[in-house]
Amino acid sequence: MKKAFVLVIAVLLCSIMTMQTTSCTDKKTGQDSIVSDSLDSDTTALDSLEKIMEETPMPKTADELFDDFVFNFAGNSKLQRTRIVFPLPVVTGKKTSMIQNNQWRTEHFFMAQGYYTLIFDNRRQMALGKDTSVNHVVVEKIMLNRKAVKQYVFNRTDGKWMLTGIVNQGLSQNHNASFLNFYDKFANDTAYQIASLNNPVKFTGPDPDDDFASMTGEIAPETWLAFAPTDMPRGTIYNIMYGEKPAGGNEKIFCLRGIANGQEMEMTFKKIGGKWKLTKLVQ
């Protein structure tokens, strides 16, 4: 995402979050949680954000990168309707239904929670988010508690990103099914987390003695609770697939990114001996 656009989004969100105890510019320690610092699912805050974004025209350059576009799409209901191909096909199994313009309800994606998640198969996929040649993107709304996934399919046509379809699928049908089932348990069960750690786990995080430095080291299972993220995303998470069809495989890079505060967390998992293991944590 372009730095200028990130700054605009940060300013918009910070204007809503000024009543919270943590400002957008405060630096977090490794123990702080992006999730707990994010926007609550507060319709008043979301309505305020939407009003601000509707009054701020989307820059023409936002169509160059999907990340720039999707924040405008999610935060501006007026713009959203102009970027959907109606009637919109919705595929559920072998059945296809059509959503008409007057039936559409604004989809804010992850805006209300103030952070979003990404799941990559490798480092090369991570770079696609900054590739201006990507013309096909799928945003996945992953409902872990319901074992279901809703895929929003976007294509760039004549230089403009458009929502062209929705696909509903069971979690078991998803290319990340094995990892998602594992992650659901990993995020909710501390004992399972410890049992799912590689020994050791490589760690990079803020230096508690220097606000501008980071530290690296290794985490043994017996010290996990001192380093573990305090509140991992659970329930409903999101994923954005850029361009290429996911390769699957035995490695997943799970990224958590704060929208307003610039905070990031990255967990690398590898399937070892048929079981997913956390091998690296970057906070």
Side-chain angles (χ1 to χ4, degrees), residues 1-18 24-25 34 38-39 45-86 88 101 104 106-120 122-141 151-166 238-246 253 255-264 266:
M1 189 183 306
K2 295 181 178 178
K3 292 181 178 179
F5 185 76
V6 173
L7 179 60
V8 171
I9 292 296
V11 170
L12 296 179
L13 287 171
C14 282
S15 68
I16 296 170
M17 298 168 68
T18 52
C24 291
T25 56
I34 302 172
S38 69
L39 283 171
L46 196 56
D47 288 345
S48 298
L49 173 61
E50 185 171 355
K51 183 177 180 180
I52 294 172
M53 294 192 71
E54 286 180 353
E55 295 173 351
T56 307
M58 185 178 77
K60 294 180 180 180
T61 55
D63 275 308
E64 293 180 9
L65 288 176
F66 181 78
D67 282 4
D68 288 0
F69 162 76
V70 73
F71 284 102
N72 281 279
F73 182 88
N76 187 335
S77 61
K78 290 183 179 179
L79 171 71
Q80 188 169 119
R81 285 183 176 275
T82 69
R83 292 305 187 94
I84 300 174
V85 177
F86 290 112
L88 183 70
N101 191 315
W104 179 255
T106 302
E107 174 56 64
H108 290 294
F109 295 126
F110 38 73
M111 296 299 285
Q113 62 191 32
Y115 68 90
Y116 62 105
T117 51
L118 299 160
I119 304 171
F120 299 104
N122 49 57
R123 295 276 166 189
R124 181 172 56 83
Q125 281 187 359
M126 296 178 73
L128 289 175
K130 298 180 180 179
D131 187 344
T132 57
S133 68
V134 170
N135 292 311
H136 175 79
V137 173
V138 176
V139 177
E140 293 186 310
K141 183 177 184 178
Q151 297 180 323
Y152 296 83
V153 181
F154 291 86
N155 289 286
R156 184 162 53 182
T157 306
D158 296 327
K160 291 184 177 182
W161 284 106
M162 303 290 293
L163 176 63
T164 59
I166 294 175
Y238 289 84
N239 183 36
I240 302 177
M241 298 184 294
Y242 303 91
E244 65 180 35
K245 184 177 180 180
I253 304 170
C255 297
L256 174 65
R257 295 177 180 172
I259 296 174
N261 55 21
Q263 293 293 305
E264 291 197 22
E266 181 182 302

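The residues of the chain are indexed from 1 along the displayed sequence. Hydrogens, waters and symmetry mates are skipped; everything else that's a heavy atom, side chains included, is used. In this text, all values refer to a predicted model and were calculated from it rather than measured experimentally.
Checked against side-chain hydrogen bond (donor to acceptor under 3.5 Å, both in side chains), Asp158 has no partners two or more places apart in sequence or in another chain. Applying the side-chain hydrogen bond (donor to acceptor under 3.5 Å, both in side chains) rule to Ser133 yields the partners Asp131; only residues at least two apart in sequence or on another chain are considered.
Nearest heavy atoms, Glu266 versus Ile253: CG-CG2, 3.7 Å. Closest of all the heavy-atom pairs between Leu118 and Arg257 is CD1-NH1, 3.3 Å. In terms of heavy atoms, Leu65 sits closest to Arg156 at N-NH1, 4.4 Å. Shortest non-hydrogen contact noted between Ala62 and Asn72 is CB-ND2, 4.2 Å. The two residues Gln80 and Ala74 make their nearest non-hydrogen contact at NE2-CA, 4.1 Å. Between Thr117 and Leu256, the shortest heavy-atom contact is CG2-CD1, 3.7 Å.
The side-chain heavy atoms of Met58 and Asp63, taken from C-beta on, include a pair separated by under 4.5 Å. No side-chain heavy atom of Val139 sits less than 4.5 Å from a side-chain heavy atom of Tyr116. Looking only at side-chain heavy atoms (C-beta outward), Asp67 and Tyr242 come within less than 4.5 Å of each other. With contacts defined as side-chain heavy-atom distances shorter than 4.5 Å, the pair Leu163/Leu88 qualifies.
No salt bridge links Arg83 with Glu107; every basic N to acidic carboxylate O contact stays at or beyond 4.0 Å.
We find the CG-OG1 distance between Asn155 and Thr164 to be 4.0 Å, quoted to the nearest 0.5 Å. The OH atom of Tyr115 sits 15.0 Å away from the CD atom of Glu264 when rounded to the nearest 0.5 Å. Annotation: the span from Lys160 atom NZ to Lys60 atom NZ amounts to 10.0 Å, rounded to 0.5 Å. Once rounded to the nearest 0.5 Å, the distance linking CD of Gln113 with NE2 of His108 reads 13.0 Å.
Taking the six-membered ring for Trp and thresholds of 30 and 60 degrees, Phe73 and Phe109 have nearly parallel ring planes, at less than 30 degrees apart. Between Tyr238 and Phe110, the ring-plane angle classifies as perpendicular under the 30° and 60° cut-offs.
Put simply, the side chain of His136 never gets that close to the backbone of Gly243: no donor and acceptor are under 3.5 Å apart. In this structure a side-chain-to-backbone donor-acceptor pair under 3.5 Å is missing from Asn239 to Glu140.
For the side-chain contact (heavy atoms from CB on, under 4.5 Å) with Phe66, the lone residue among Thr132, Asn135, Leu128, Ile240 that qualifies is Ile240.
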ask   = Should Phe71 and Met111 be marked as a side-chain contact (heavy atoms from CB on, under 4.5 Å) after you check the CA-CA gap, both sets of side-chain angles, and the distance that decides it?
value = CA-CA 8 Å; Phe71 284 102; Met111 296 299 285; 3.6 Å; yes
